[in-house]
J.: 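Dropping the structure in here first, questions after.
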Amino acid sequence: MPSLRASPTPDGGPVLLHDAAVLARYRAMDRLYELADAARGGVGDVWLLCPVEDLALLPKLGGAVVRWATTSGWLYRNAWVVNAHCSAAPA
């Protein structure tokens, strides 16, 4: 966790978290929220890759709901996600 906390920096690129279900498995979701709070406080960008099967439901990691400050922080499947900007086919 100390190296993860040190990863986001204001002048560095964004940190992408993936395969983060281990945090739910070991009841450490608070660590994820600490990192999110730090990012909102300006330490740097943090992105969480959290696949969802049903857009009507909240995202989950290992069965634990991923709570965020607002849903505006979620990027659902859209033209950018499917790489439409690099494709000749319309999104």
J.: Do you know the tightest heavy-atom contact between Met29 and Ala24?
T.: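 The answer is SD-N, 3.7 Å.
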
J.: Using side-chain hydrogen bond (donor to acceptor under 3.5 Å, both in side chains) as the criterion, list what pairs up with Asp37, not counting sequence neighbours.
T.: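 Counting only residues at least two positions away or on another chain, Asp37 forms a side-chain hydrogen bond (donor to acceptor under 3.5 Å, both in side chains) with Arg40.
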
J.: Measure across Pro10 and Gly42 and return the closest heavy-atom pair with its distance rounded to 0.1 Å.
T.: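 Here Pro10 and Gly42 meet closest at CG-O, 3.6 Å.
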
J.: Which one of Val15, Leu16, Leu32 satisfies the side-chain contact (heavy atoms from CB on, under 4.5 Å) criterion with Leu48?
T.: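 That would be Leu32; it is the only one of Val15, Leu16, Leu32 passing the side-chain contact (heavy atoms from CB on, under 4.5 Å) with Leu48.
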
J.: For Arg25, which residues count as a salt bridge (Lys or Arg N to Asp or Glu O under 4.0 Å) partner, sequence neighbours excluded?
T.: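 Arg25: no salt bridge (Lys or Arg N to Asp or Glu O under 4.0 Å) contacts found.
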
J.: Mind checking whether Leu17 and Leu35 have side chains closer than 4.5 Å, heavy atoms only?
T.: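 Yes, close enough: below the 4.5 Å cut-off.
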
J.: Got a sec, which residues hit side chain to side chain contact (heavy atoms under 4.5 Å, CB included) with Ala28, two or more places apart in sequence or on another chain?
T.: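 If we apply the side chain to side chain contact (heavy atoms under 4.5 Å, CB included) test to Ala28, skipping adjacent residues, the hits are Leu23, Arg31.
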
J.: Going by heavy atoms in the side chains, are Leu61 and Cys50 under 4.5 Å from each other?
T.: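 Yes - at least one pair of side-chain heavy atoms lies under 4.5 Å apart.
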
J.: Got a sec, which residues hit side chain to side chain contact (heavy atoms under 4.5 Å, CB included) with Asp30, two or more places apart in sequence or on another chain?
T.: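 So Asp30 forms a side chain to side chain contact (heavy atoms under 4.5 Å, CB included) with Tyr33, Arg67.
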
